[in-house]
Amino acid sequence: TDLTCLFLGQPLANPLMNASGVCCRTTTELDTLASSAAAAMVTKSCTLEPRTGNPEPRYSSLPLGSINSMGLPNEGYQYYLDYAERFDHERKLLFLSISGLTLDDNVEMIAAIREAVNPALLEVNLSCPNVPGKPQTGYDFEAMDELLDEVNDAYKRPFGVKLPPYFDISHFDAAAEVLNRYPRLAFVTCINSVGNGLVIDPDTESVVIKPKDGFGGLGGAYVLPTALANVNAFYRRCPDKQIIGCGGVQSGTEAFLHLLAGASLVQIGTALYEEGPAVFDRVLGELTAIMASKGYTSIDAFRGKLKTL
Ligand SMILES: O=C(O)c1[nH]c(=O)[nH]c(=O)c1Cl
């Protein structure tokens, strides 16, 4: 059973990577990912200046998933640029995620990243739901088009975006129409957390995270059907782009479903946070077993081949 995947023309040993935000803020965490079985990895979304983020507790996990309102804690973009400059890009595909607080911040970071010699792949996060007072760009199609136009001009290499979940067919259509205006926008990562959920503990009768009165982005099993829908919606609407699936991957089964829905790579967030990097070995083993039981000898044999009724 061969788990090899092609991403932007580069062969990868398998389709797995971390979701941005999990196990990827510090060099120690990033080195852990570099040593893991994942074939690719992405840095914590960064801003122009370092940020401590929101007050704690800002993450909580339950049997069905997680809720977070981290508030973009990161070491500032230069830290991740330096990491990418030192990184052995032969060893693993490295993505660098940026999430500027303003359009100008994003342009300034991109200008610096463009000058770097590092071949890290740029992922522009359009979907952080947890910076108080900042509506997310992914839900404002005009702002999204304006930002992508700037990124496309400033950054002459292939890049991608991290999208929030959409829940209306007209929004899939509108978002895809914006994305398809940019040929160098080569990949789309769906989905970011399902924004502003509210987890309440029945015993304490309280919310479980401190920021924003307990409102935060949902991950884990809660979001799997929404993640699969967004992966498949953009897979159908953006035939010239590759889709990275994120959301609800806890075993080989969910990784298989994301690939069936059209994903080229599959990210693991909540389960990585809870289990650590051994989750990649476990999920790879499970995915291999599922493929063998179905007689698939390669991922291309079933990727995107979701059946409808
Ligand atoms: O609060 C965060 O740092 C955060 N949390 C998320 O669930 N998605 C994001 O894109 C970000 Cl930037």
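Along the sequence shown, residues carry numbers from 1. Whatever order the structure lists them in is the order used to number ligands and atoms, beginning at 1.
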Please list, one pair per line, the donor and acceptor atoms closer than 3.5 Å that link side chains of residues 6-17 to other protein atoms, with sequence neighbours excluded.
unit_1 : atom_1 : unit_2 : atom_2 : d
N14    : OD1    : L16    : N      : 2.9
N14    : OD1    : A39    : N      : 3.4
N14    : ND2    : A37    : O      : 2.9

Are the aromatic rings of [X] and [Y] close, with centres under 6.0 Å apart?
| X | Y | answer |
| --- | --- | --- |
| Y80 | F87 | no |
| F302 | F256 | yes |
| Y79 | Y83 | no |

Applying a 4.0 Å heavy-atom criterion (strictly less than), which segment of P129 is in contact with ligand 1: side chain, backbone, both, or neither? side chain
Atom indices of ligand 1, in the order listed, that fall short of 4.0 Å to a heavy atom of [X]:
| X | answer |
| --- | --- |
| P73 | 3 (O) |
| N125 | 9 (C), 10 (O), 12 (Cl) |
| L72 | 1 (O), 2 (C), 3 (O), 12 (Cl) |

Option nearest atom 8 (N) of ligand 1 (shortest heavy-atom distance, choices N192, L126, L218, N130): N192
The one among N74, V131, I191, N68 that brings a heavy atom closest to atom 6 (C) of ligand 1: N68
Could you establish whether [X] and ligand 1 come within less than 4.0 Å of each other, counting only heavy atoms on the residue side?
| X | value |
| --- | --- |
| S99 | no |
| G217 | no |
| K44 | yes |

Distance in Å, S99 OG paired with D105 CG, rounded so as to fall on 0.5 Å steps: 10.0 Å
To the closest 0.5 Å, what do you measure between CG (L218) and OG (S193)? 7.5 Å
Does a side chain donor of either S298 or D300 reach within less than 3.5 Å of an acceptor in the other side chain? no
Atom 11 (C) of ligand 1: closest protein heavy atom, distance to 0.1 Å, is C128 SG, 3.3 Å
